[in-house]
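Along the sequence shown, residues are numbered consecutively beginning with 1. Atoms within each ligand, like the ligands themselves, are counted from 1 in listed order.
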Amino acid sequence: MPKTFENITNIVLEAADKARKEIDADKISSYVSAPVEWPVECTVGPGLEGAIACETKIGYVSGKQGNLVYRGYNIFDLCAHSTYEEVAYLLLHGNLPNAERLSEFKSKLAEFRYLPKTLRLLMGFPLEDMNAMAALRMGTNLMRQHQTERDLMQAKVDRTKVISSDDDSVDTHEKVRGEQRAVYEFRDPKANRPARRKAKRDLQQAKGVESCYHLIAGVSTLTAAIARIQRGSLPIEPDPELGHAANLLYMMTGKRPTREAERVMDIALILHADHGMNASTFAAMVVASTLSDIYFSIGSGIAALNGPLHGGANEEVLKTLREIADPKRVDGWYASARKNRRKIMGFGHRVYKAYDPRARVLAPLADYLVNKSGDAEAKNLLKIASGLETRVVADLGASKGIFPNVDFYSGLMYSSMGIPSEMFTPIFAVSRVAGWTARVLEYMKSNRIFRPRATYVGEISRGFTPLADR
Ligand code: ACO
């Protein structure tokens with residue numbers, strides 16, 4: 001094993017060891033509950049805090065312990081011993097793949113990473129002026145178009161059996177260039193309808209696991225392409241020899257990454273792959289629950305992830321550290337932020353009231369990469385981050401359960417790998433698409449449309465005032 005690769009694994013193992021000493025494993029197993037008997041009684045706070053909406057076998061987050069489990073496997077073990085592809089497969093299918101399944105899955109991802117048509121469409125938009133997450137969201141919509149067409153093509157008849165017609169009743173992609181009218185009609189239009197309908201229905205019901213693979217592969221290609229286009233370069237085709245993390249870095253930079261960079265990115269992707277019923281996962285599930293399709297559903301997840309209270313916080317953290325500018329200013333800056341009731345980005349979590357296990361891994365990785373880079377600005381920001389962590393934890397750790405979350409150190413880590421800050425949240429999406437798709441698939445098995453209620457506290461009977469009298 002190369003030395004650098006080993007270094008990274010050792011960092012993860014050390015972080016895991018430290019965390020495990022603080023986590024009481026016996027308590028964790030006693031938390032896992034029996035199947036829910038509906039209707040379930042739970043205390044619900046604003047923002048649906050505490051509400052139980054479904055059962056899941058995908059992932060478990062212990063907020064009190066600061067523990068994260070995917071399908072029964074501890075996040076630290078997955079980081080230390082597996083790859084993003086194995087984890088994505090695990091989330092979707094319930095078990096770690098054997099060598100054969102993994103190889104099939106990787107081949108599928110390699111195939112789906114090529115998105116020439118989607119990228120051509122995407123490049124018709126002014127991406128250089130757009131928010132990267134907006135561009136990514138649009139890209140998944142364009143992927144949908146591609147996949148819809150692909151599905152319909154698969155279910156379509158042999159073209160030799162079609163005849164020319166003046167009838168304007170066929171799919172637009174059948175149109176031959178230069179013709180003014182639709183030109184094909186099936187000899188027996190009814191003969192193939194069931195298959196075509198089925199393809200469409202599968203897609204609409206978001207059951208197609210192929211669409212999930214397509215999205216997992218494609219969101220990465222889109223992210224890399226957006227990163228390049230926004231910096232004035234053209235997208236690069238994926239390299240079929242490389243894995244998911246390496247391809248992401250390669251398609252962004254045009255250079256094959258070092259084994260160390262690949263490993264770090266792989267761990268970052270594993271850490272972000274799933275996290276309970278967080279806002280973006282819930283958004284994706286709500287959309288899927290209407291029997292819309294998985295592409296719309298993932299687009300909604302991307303939209304929700306963009307917010308600064310969610311995935312957008314990693315970009316905000318770097319802004320905060322730059323705003324503080326000097327490690328000596330941490331105390332003064334913090335006092336003023338508290339006085340102004342300002343939220344400190346990268347701290348706090350709806351579920352974790354203990355140290356976020358993902359931050360436990362990301363903090364030493366950021367430290368390692370920043371110190372290795374020798375970059376003075378990065379070292380300065382790291383010092384500020386460490387000072388801010390000490391300050392926030394001393395003040396709000398014990399009293400309010402506020403500790404660094406996954407977003408606090410990820411930005412520092414990515415920037416030390418040369419990744420521009422506007423790509424931090426899209427990279428989060430590259431990873432989380434595995435959790436989104438897995439949870440949507442799981443929920444669709446016993447789908448019920450999401451429909452909470454609100455308590456009406458407005459007026460109930462106002463007399464209508466005509467416009468002229470208002
Ligand atoms: N800085 C300072 N105080 C905080 C912070 C913070 N980052 N987070 C929570 N608090 C305080 C609140 O001011 C509030 O105090 P109060 O009781 O005196 O009013 C209390 O803790 C509870 O805060 P809420 O906002 O009600 O907690 P909630 O569970 O709704 O929000 C959230 C969780 C959104 C993550 C919040 O902690 C936050 O805004 N953090 C900063 C943004 C951030 O880092 N987001 C990334 C989260 S991880 C992820 O989504 C991938």
Side-chain angles (χ1 to χ4, degrees), residues 43-51 59 61-64 66-68 70 75 133 268-284 300-321 323-324 330-331 333-363 366 385 387-414 421 423-436 439:
T43 308
V44 179
L48 293 181
E49 182 175 10
V61 183
S62 164
K64 282 187 198 154
N67 190 40
L68 175 60
Y70 297 164
I75 191 72
M133 288 293 274
L269 294 180
I270 291 171
L271 286 172
H272 289 83
D274 183 65
H275 206 253
M277 292 282 277
N278 59 83
S280 56
T281 301
F282 187 49
S300 306
I302 290 170
L305 187 69
N306 181 51
L309 295 187
H310 194 10
N314 53 15
E315 206 180 332
E316 296 300 315
V317 169
L318 224 57
K319 286 186 198 157
T320 301
L321 300 178
E323 185 190 319
I324 299 173
V330 169
D331 284 353
W333 183 92
Y334 182 72
S336 143
R338 290 289 290 147
K339 196 170 150 216
N340 295 316
R341 301 185 65 77
R342 195 172 153 179
K343 287 252 180 100
I344 323 293
M345 290 294 138
F347 288 90
H349 199 273
R350 171 62 64 79
V351 180
Y352 290 123
K353 300 303 167 200
Y355 210 106
D356 184 332
R358 303 165 298 175
R360 285 187 190 271
V361 176
L362 291 170
L388 188 59
E389 177 183 334
T390 309
R391 198 69 198 78
V392 176
V393 172
D395 188 26
L396 301 172
S399 59
K400 289 200 173 186
I402 292 177
F403 294 91
N405 60 45
V406 68
D407 285 326
F408 191 59
Y409 285 103
S410 62
L412 272 174
M413 196 188 79
Y414 291 141
S421 60
M423 298 319 295
F424 297 170
T425 317
I427 290 173
F428 195 151
V430 168
S431 163
R432 186 55 61 85
V433 67
W436 289 332
R439 288 192 182 252

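For an aromatic pair to be called close, the ring centres must be under 6.0 Å apart, and Tyr352 with Phe403 fails this. Ring centers of His275 and His310: at least 6.0 Å apart, outside the cut-off.
The closest protein non-hydrogen atom to atom 41 (C) of ligand 1 is Phe347 O, 3.4 Å. Atom 47 (C) of ligand 1 has as its closest protein heavy atom Asn405 ND2, 3.5 Å. Annotation: atom 3 (N) of ligand 1 to nearest protein heavy atom, Ile402 CD1, 3.9 Å. Nearest protein neighbour of atom 17 (O) of ligand 1, counting heavy atoms only, is Lys400 NZ, 3.4 Å. At the top of the distance list for atom 45 (N) of ligand 1, counting protein heavy atoms only, stands Leu309 O, 2.9 Å. What sits closest to atom 35 (C) of ligand 1 on the protein, heavy atoms only, is Gly348 O, 3.7 Å.
The residue from Arg350, Arg358, Lys343, Arg341 that puts a heavy atom closest to atom 24 (P) of ligand 1 is Lys343. Comparing His272, His349, His310, Glu316 against atom 50 (O) of ligand 1, the shortest heavy-atom distance belongs to His310. Relative to atom 2 (C) of ligand 1, the option among Ile344, Asp407, Asn314 with the closest non-hydrogen atom is Ile344.
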**Item:** salt bridge (charged side-chain N to carboxylate O under 4.0 Å, His left out) evaluation trace for Glu389 with Arg360
**Value:** CA-CA 12 Å; Glu389 177 183 334; Arg360 285 187 190 271; over 6 Å; no
**Message:** Walk me through whether Arg439 and Asp274 qualify under salt bridge (charged side-chain N to carboxylate O under 4.0 Å, His left out).
**Reply:** CA-CA 9 Å; Arg439 288 192 182 252; Asp274 183 65; 2.7 Å; yes
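The structure places NZ of Lys353 at 12.0 Å from NZ of Lys64, a figure rounded to the nearest 0.5 Å. The CD1 atom of Ile344 lies 9.5 Å from the CZ atom of Phe408; values are rounded to the nearest 0.5 Å. Within the model, atoms CG of Asn314 and CZ of Phe424 stand 6.5 Å from one another, a figure rounded to the nearest 0.5 Å.
Of all atoms in ligand 1, listed by their number and element, those nearer than 4.0 Å to a heavy atom of Phe428 are 51 (C). Each of the following atoms of ligand 1 lies closer than 4.0 Å to a heavy atom of Val406: 51 (C). Taking every heavy atom of Met345 and a limit of under 4.0 angstrom, the matching atoms of ligand 1 come to 42 (C), 44 (O). Ligand-side atoms of ligand 1 in range of Ala313: 43 (C), 44 (O), 45 (N), 46 (C), range being under 4.0 angstrom from any heavy atom.
Nearest heavy-atom pair across Asp356 and Pro404 is CB-O, 3.4 Å. Nearest approach of Gly312 to Thr425, heavy atoms of both residues: CA-OG1, 3.6 Å.
In this structure, Gly346 is part of the shell of residues with a heavy atom less than 4.0 angstrom from ligand 1. Residue-ligand proximity: Phe408 is placed with every non-hydrogen atom at 4.0 Å or more from ligand 1.
Using modelled atom types, one finds a donor on one side chain and an acceptor on the other under 3.5 Å when comparing Asp395 with Tyr334.
There is no protein heavy atom less than 4.0 angstrom from atom 22 (C) of ligand 1. Protein heavy atoms are found inside the 4.0 Å sphere centred on atom 30 (O) of ligand 1. By the definition of a contact as any protein heavy atom under 4.0 Å away, atom 15 (O) of ligand 1 is in contact.
Test Glu315, Glu316, Glu323 against Lys319 for side-chain hydrogen bond (donor to acceptor under 3.5 Å, both in side chains) and you get one pass: Glu316.
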